[in-house]
Each structure stands twice: as C-alpha cells, then as structure tokens.
Amino acid sequence: MHQCDPQPAINREHVFALVDGNSFYCSCERVFHPSLIGQPVIVLSNNDGCAISRTDEAKALGIKMGDPLHLIKHIVARHRVRVFSSNYALYGDMSARMMHTLAQFTPHMQVYSIDEAFVSLDGFARDGLTEYARTIRAVVRRDTGIPTCVGIAPTKVLAKVANRVAKRRTGSGGVLNMCDAATQDEILDSLPVEDVWGIGARSAATLGTHGVRTAKQLRDHDLDHTQRLLTIVGRRIAMELRGQSCLPLQMIQEARKQIISSKSFGRPVRELDEMLEAVANYVTRAAEKLRGQHSLCHHVTVFVQTNRFQNVPQYYNSGAATLATGTASTVRIIQAAHQVLRGIFRAGFKYTKAGVMLADIRPASAPQFSLFDDQQAHARDATLARTVDAINTRMGRDTLKVATCGTTQAWGMNAKMRTPCYTTRWQDLLRV
DNA sequence: TCTGGGGTCCTAGGACCC
DNA sequence: TCTGGGGTCCTAGGACCC
C-alpha cells in the first residue's frame, strides 16, 4: 500500500492557499525605489551573471529566467531596463516581514521558499475563501509593500497551479480559487504538463512519448503506469492533481541535511594560496550556518573547477574528508578542507569556481566522541565559536575571522549594481 | 570580459554481513 | 552446465525546485 493511497475512512477535506511574491527580488527593490514601478527591472545572480528576477515589463521584452546579462545587453540598453545586483540581506529581511504578516492570519503555514508560503485554510467557509485571500493579499501589500498572488485549492500541487494562473490572468485580482471540479477541469486542460509543479523537462518528455501533454491528461492517466514512468514522485503529483492530498503542510523547518557554500570568483584564480583563502571563506559561511541550526557535521567535500563555458583547458576535481568527531568549529573544518584542497588542486589552470559542502549533519545536542578524543578541546572550540558568532552578530560579518581567510579577497565576487541594505544596516537606513 | 547558488528526494548498485 | 539468498548501509547520480 502506498503512503499516498486514498484513505476513505478519513476523507478530510483540506484547503491550501499558496501565497507567492510577484517578481520578488524586483519587488523588494521597488519598495525602496518607487520610481521603478511600471519600469522593466531585473535582478542579477551573483557576480552580476544572469537575470534571476524580472518584472512583467522585463518579461514582455523577452528576457528569460537565467539569461546571461552579457547576452541581453542590447535589450537592456535599448529599453533602459533597470539592472540590480542581488542583495540577499535585503530580500531575506523583506521575506521575514512577509512571513510575519502571513503568520498573523494563521499559525498553520509552511514557509516554502524566500518568496512563498503555503497557508492552511482548513475549516474556513467555502464561499468566503476568495474574499479572505484578497484580504491576505491586501494586508501583505500594505504592511510590506510586496505584491503577491494567491492560489487556493484542495492540494498543494493544485494550489501551485492556481497561483500560476492567478499571476497570468489579469482580471483575477491576484486570487484564483480552484476548489471546484469544473474550474479544475478547465484550467488543467489548458495547462502544459511541464508547468505542473514537480514535472520538469525530462519527465515532460517521457510523458509526451505516451501522449500525456496536459496536466489534465496526467491527472487522468493510469496511476500505476505514471508511477512506472516517474517513480513514486510522479504518482503523488498525479494524485494531487485529482484532489487527493499527499503532500502535507510542513510547519516545522527541519535542520538542513547538507550545507553548501560555493561561488564563482570575481576573476580567475590560478594560485593555490588564493584558493586556500577562498575555501577558508566558504567554510566560514557554511560553519556559521551549521552552528545556527545547532548541528555538527562529520563530512566535508571540496571542489574546484575551471570555466566550462570557455574553450580553455578544463579541470574539475572534488575530494572529501571524514571528521572522526562531529564538529561545527570553523577552524577544524578549514583544516580538513585545506587538506582536501591540497590533494585535488592542480597548478596551471584558471579556476573560476570552488565550493565546500558539509554533510553527515547531526544534532549538536548529542555529540558522539570517539575513544581518543580530547573532549575538553572540543568544548573549547565550541566556546570560541560562540564568542566569535556573538561578536560578528553585533559588529558585522567577518569582524572576527580566521587568518587564512585573508584580508583583501581579490578573488571575491562582483556586485556593481547593488542597492544599499536599507533594512539591515544602520548606515543604509533611508533618510526622509 | 561577462553564463547563480543552495537545497530535497528517490533509485540503483556495490560492499558487506550472516 | 550447474555457482545461495536475504538483508542493511552507503554512495553516486538523476531529477526537480526556487
């Protein structure tokens, strides 16, 4: 019996609302630059590489998600597209405000990503759902300045569909209620199957060879066959399209099972010394996150790579080390990562990217020491890290750091069009 | 010159054990 | 020619998401 098989004995009706910020990063920029309203705006990925957020006006100019900036320069110039480097401190803070506002409506919500949340509307009167969603939208707009759309449906997958259609249909007022069967039929029939949440290009191609091209066709396809094609994941999606909820609201944010810090360099790196410095910085970020969720890691992976888009000598390598005792100590993890790096680094290449992954993550509350461990040393590590974190929280990131992180970071990333951190740094507060 | 970063889940297959 | 069977654990790779 599959865990998502229908359970007629219970047959509880759910209602999910998916609230999703429109062009979220661009909208954050607009909050602090009202002159951007009505203008084409894009926000770039790290190193000012690709467009990762676009307003409707920018989309209308043909700018696609992930388009490299240097390939759309002509559009940007001709139509005076306003371009911003990404400012994650600002977006993270705006996200927190949006989620805080949503939480005032119900404690039953799941923060799904930086710009969207599932909200449970179980138990609300069916005929008041759309109006209630309009209220939620209006309050988020009023209290944060962020425009949103809301999709309402009996399952998460359908709520995703409803949200997507609400964004596209002007006249929907930003809200679409897909609770009734007739609306579901109509919308799923006109939705390409690859636009369903969880169906990517590969799955869509597989389904296409069996004549399944729309969301409605996937919904009505034989479930066992769908599972043979797309594993249990596909079966769940198909069931959700039928209105049978298999993806529950996850209100608790579980601790991360892996933590990655990887970035392209602002310019190519050739020397081991610079690479050691970069890796030390990446470990510093990852270890901060690790301590932030009160975990220890037992495994660290390091990788280095050259520019895969250029016709130059290519090199990629990765290596890993196991930490006999779990640790969240920046110093200890840097030591391990540096040892791995020395093993995989080859001189003579122009490296453009490196990264660090922490894995085999376990709670710090129950550390397991090996027989020969110096437990007092680990306790000292923990105390040191706590002190450093406290100072950096108060005085700013990297006020205190490990010496191998260097001071110049000449390899660091570019962000030439970054707006100030209006909400998270005193010196960047708006003056009125 | 210039092409993101950080996650999750599932499955298959190998190693190992009894 | 025939070469056990069943279980667990781990890892790599695929697919997808925002």
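Just so we're clear, the structure is a prediction, and the values are computed from it rather than from any experiment. Residue numbering restarts at 1 for every chain, and letters A, B, ... go by the order of the sequence lines.
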Between K216(A) and Q184(A), is there a donor-acceptor pair closer than 3.5 Å when you use the side chain of the first and the backbone of the second?
no

Mind checking [X] for me? I need base, sugar-phosphate or nothing, with any heavy atom below 4.0 Å counting as a touch.
X: L71(A); result: nothing
X: V196(A); result: sugar-phosphate
X: L230(A); result: nothing
X: Q310(A); result: sugar-phosphate

Under 4.0 Å from OP1 or OP2 of [N]: is there any side-chain N or O of [X] that close?
X: R236(A); N: dC10(B); result: yes
X: S261(A); N: dG5(B); result: no
X: K289(A); N: dG7(B); result: yes

Using the ring of each side chain (for Trp, its six-membered ring), is F118(A) parallel, tilted or perpendicular to Y112(A), with breaks at 30° and 60°?
perpendicular

What orientation do F265(A) and W411(A) show, parallel under 30°, tilted 30 to 60°, or perpendicular over 60°?
perpendicular

Nearest to the side chain of K257(A) - dG7(B), dC2(B), dT8(B)?
dT8(B)

Give the nucleotide from the list dC17(C), dT3(B), dC16(C) with an atom nearest to the side chain of Y112(A).
dC17(C)

For atom CZ of R82(A), is the number of surrounding heavy atoms from other residues, nucleotides or ligands below 6.0 Å larger than 12?
no

Between T231(A) and S45(A), the residue closer to the 5' end of DNA chain B by nearest nucleotide is S45(A)

Chi angles and distances behind the salt bridge (charged side-chain N to carboxylate O under 4.0 Å, His left out) call for R235(A), D224(A)
CA-CA 8 Å; R235(A) 186 190 187 95; D224(A) 291 327; 2.9 Å; yes

In this structure, how many angstroms lie between the [atom2] atom of [N] and the [atom1] atom of [X], rounded?
X: D20(A); N: dC17(C); atom1: CG; atom2: P; value: 14 Å
X: I75(A); N: dC2(B); atom1: CD1; atom2: P; value: 21 Å
X: R256(A); N: dC9(B); atom1: CZ; atom2: C1'; value: 14 Å
X: K416(A); N: dC2(B); atom1: NZ; atom2: P; value: 11 Å

